[in-house]
Amino acid sequence: MSLINLKDLLNNAKQNKYAVGAFNITNLASIDYIVEAAKEQQSPIILQVAEIHLRYFALEDIAPAIISAAKKVDIPICVNLDHGLSFPTIIRAIRAGFTSVMYDGSVHPIDENIQTTKEIVKIAKSVGVSVEGEIGSIGGGESVGESLKEGGVANKELFTNVEEAVRFYNETGIDALAVAIGNVHGFYKVEPELDFDRLARIRDAVPLPLVLHGGSGISDDDFKKAISLGICKINFYTQASVAAMNEVKKYLKEHPDANSFPDLIAKGMEGFKATVKERLEVFGSKGMCAPEKTLCFFCEDRTCGFADPRFKPSAQTVSYSNLIEEISREVISNIKHGDL
Ligand code: 13P
């Protein structure tokens with residue numbers, strides 16, 4: 001069993017100064033390729049589904065496929081709802097067996113963002129599901145269709161304010177905080193310029209694992225610097241999708257008479273997988289699940305892995321037997337009548 005919630009996973013990353021890659025699932029085929037990449041790199045990983053990508057499949061249909069793939073491998077996998085925009089979607093994700101949810105209330109006034117995030121934390125935590133929140137606002141948009149050709153530019157006015165981050169942390173009880181420090185989703189119109197000074201101030205003021213969205217287009221050196229300043233989770237998608245498309249284009253050019261669609265998909269996914277493997281190395285998570293490391297899942301009794309002193313005190317393996325039924329029961333009993 002290798003499902004883990006975000007809190008446990010990122011605590012290990014924070015203590016050992018690496019970041020866990022979070023990759024978006026946008027089709028069924030991508031699940032196995034991403035899991036294989038993590039397995040080959042002996043790295044923990046986060047498989048996530050963004051609410052905006054629910055136009056490609058239903059949450060309830062993709063969740064069992066992700067959970068089933070995760071359970072087959074001996075590496076810790078967190079299943080996260082990325083940019084959950086509404087209360088009902090968050091509850092659907094928890095009921096479907098996600099081990100972590102992100103509520104993105106960043107477009108709302110801070111009081112409203114805090115209030116909703118707080119309610120979600122109460123419900124999610126009661127069933128061992130972690131919550132990622134966002135303060136400040138990360139620009140750009142999640143890659144959807146052909147919509148992102150233009151590229152985004154970070155808006156300094158929407159960068160995470162340190163005092164607001166402290167308030168958000170104190171009042172909500174979240175497990176991880178997504179920051180806006182010059183990062184944007186999708187392509188960058190101009191070279192990204194991350195505000196590392198701001199990141200260091202947030203890290204000093206908020207004792208939580210920090211999350212960097214909009215990974216595509218950020219340089220390896222900047223990733224490493226960001227990790228050294230408290231980034232423990234990196235969201236990455238657009239560039240892997242582009243790598244998949246490039247493989248498809250190359251294959252069609254070399255094989256103009258190709259007529260097997262499944263083989264074409266496989267070619268594309270090889271490109272996606274290669275990008276994921278490369279990123280896991282840059283993020284420093286490669287090898288973290290090796291037997292001698294802190295996240296080894298190979299021994300049943302956890303004599304390595306979670307029993308490792310470096311992983312204590314807050315880490316706890318979450319045991320998700322009969323995951324969906326158990327969570328559904330708990331969630332329903334926690335929702336006040338009329339919440340939905
Ligand atoms: P990119 O697509 O820019 O890599 O960002 C992914 C992301 O942040 C998902 O939340």
Side-chain angles (χ1 to χ4, degrees), residues 6 10 19-27 30 34 37 45-56 59 66 78-85 89-90 93 98 100-107 130-155 158-160 176-194 209-220 222-223 226-227 231-246 271-280 282-283:
L6 192 69
L10 296 192
V20 186
F23 300 91
N24 291 77
I25 305 288
T26 48
N27 64 72
S30 58
I34 299 174
I45 201 154
I46 298 162
L47 301 181
Q48 56 183 17
V49 176
E51 178 162 353
I52 197 166
H53 290 149
L54 292 181
R55 63 193 66 195
Y56 298 135
L59 184 76
I66 301 174
C78 169
V79 184
N80 178 50
L81 175 72
D82 185 31
H83 292 283
L85 302 170
T89 311
I90 299 277
F98 282 54
S100 165
V101 289
M102 175 195 189
Y103 172 63
D104 175 2
S106 61
V107 294
S130 312
V131 180
E132 176 185 338
E134 177 173 328
I135 194 79
S137 193
I138 301 154
E142 301 275 321
S143 279
V144 177
E146 297 293 311
S147 59
L148 291 178
K149 278 202 175 119
E150 266 287 292
V153 182
N155 179 351
L158 301 177
F159 281 11
T160 303
L177 180 68
V179 293
I181 53 164
N183 44 321
V184 297
H185 291 110
F187 298 111
Y188 286 83
K189 202 169 190 166
V190 292
E191 193 81 4
E193 228 183 274
L194 300 185
L210 303 175
V211 183
L212 186 68
H213 284 241
S216 299
I218 293 176
S219 72
D220 292 0
D222 278 0
F223 277 134
I227 292 166
I231 292 294
C232 299
K233 170 177 182 260
I234 297 175
N235 284 21
F236 198 95
Y237 172 68
T238 304
Q239 215 169 298
S241 171
V242 169
M245 280 304 291
N246 287 343
F272 198 103
K273 178 181 163 184
T275 306
V276 171
K277 284 184 76 169
E278 208 180 70
R279 290 302 95 195
L280 295 179
V282 172
F283 301 164

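Nothing here was measured: the structure is a model prediction, and the numbers come from that model. For ligands, and for the atoms within them, numbers begin at 1 and follow the listed sequence.
Atoms of ligand 1 lying under 4.0 Å from at least one heavy atom of His83, given by number and element, are 10 (O). Every atom of ligand 1 with a heavy atom of His213 under 4.0 Å away is listed here by number and element: 8 (O), 10 (O). Annotation for ligand 1: atoms under 4.0 Å from non-hydrogen atoms of Asn24 are 9 (C).
At a heavy-atom cutoff of 4.0 Å, ligand 1 is contacted by the side chain of Asp82 but not by its backbone.
If you check each of Ile138, Thr238, Ile234 against atom 2 (O) of ligand 1, the one with the closest non-hydrogen atom is Thr238.
Closest approach of Pro192 and Asp222 over heavy atoms only: O-OD2, 4.4 Å.
Using a 4.0 Å cutoff on heavy atoms, Ala50 does not count as a contact of ligand 1. His185 counts as a contact of ligand 1, since one of its heavy atoms falls under 4.0 Å from the ligand.
For ligand 1, one of its N or O atoms has an N or O atom of Gly214 under 3.5 Å away. Any N or O atom pair closer than 3.5 Å counts here, and Gln239 shares no such pair with ligand 1. When only interatomic distances are considered, the shortest N/O to N/O separation between Ser216 and ligand 1 falls below 3.5 Å.
Between the side chain of Gln239 and the backbone N or O of Gly217, at least one donor-acceptor pair lies under 3.5 Å. For Thr160 (side chain) and Ile135 (main-chain N/O), a donor-acceptor pair under 3.5 Å exists by modelled atom type. A donor-acceptor pair under 3.5 Å is formed between the side chain of Tyr188 and the backbone N or O of Gly214.
The aromatic rings of Phe283 and Phe223 stand perpendicular to each other, their planes meeting at an angle above 60°, with 30° marking the opposite boundary.
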Checking Met102 against Gln48 for the side chain to side chain contact (heavy atoms under 4.5 Å, CB included) test, could you report, in this order, the C-alpha distance in whole Å, the side-chain angles of both residues, the deciding distance, and whether it holds? CA-CA 10 Å; Met102 175 195 189; Gln48 56 183 17; over 6 Å; no
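Within the model, atoms SG of Cys78 and CD1 of Ile66 stand 11.0 Å from one another, a figure rounded to the nearest 0.5 Å.
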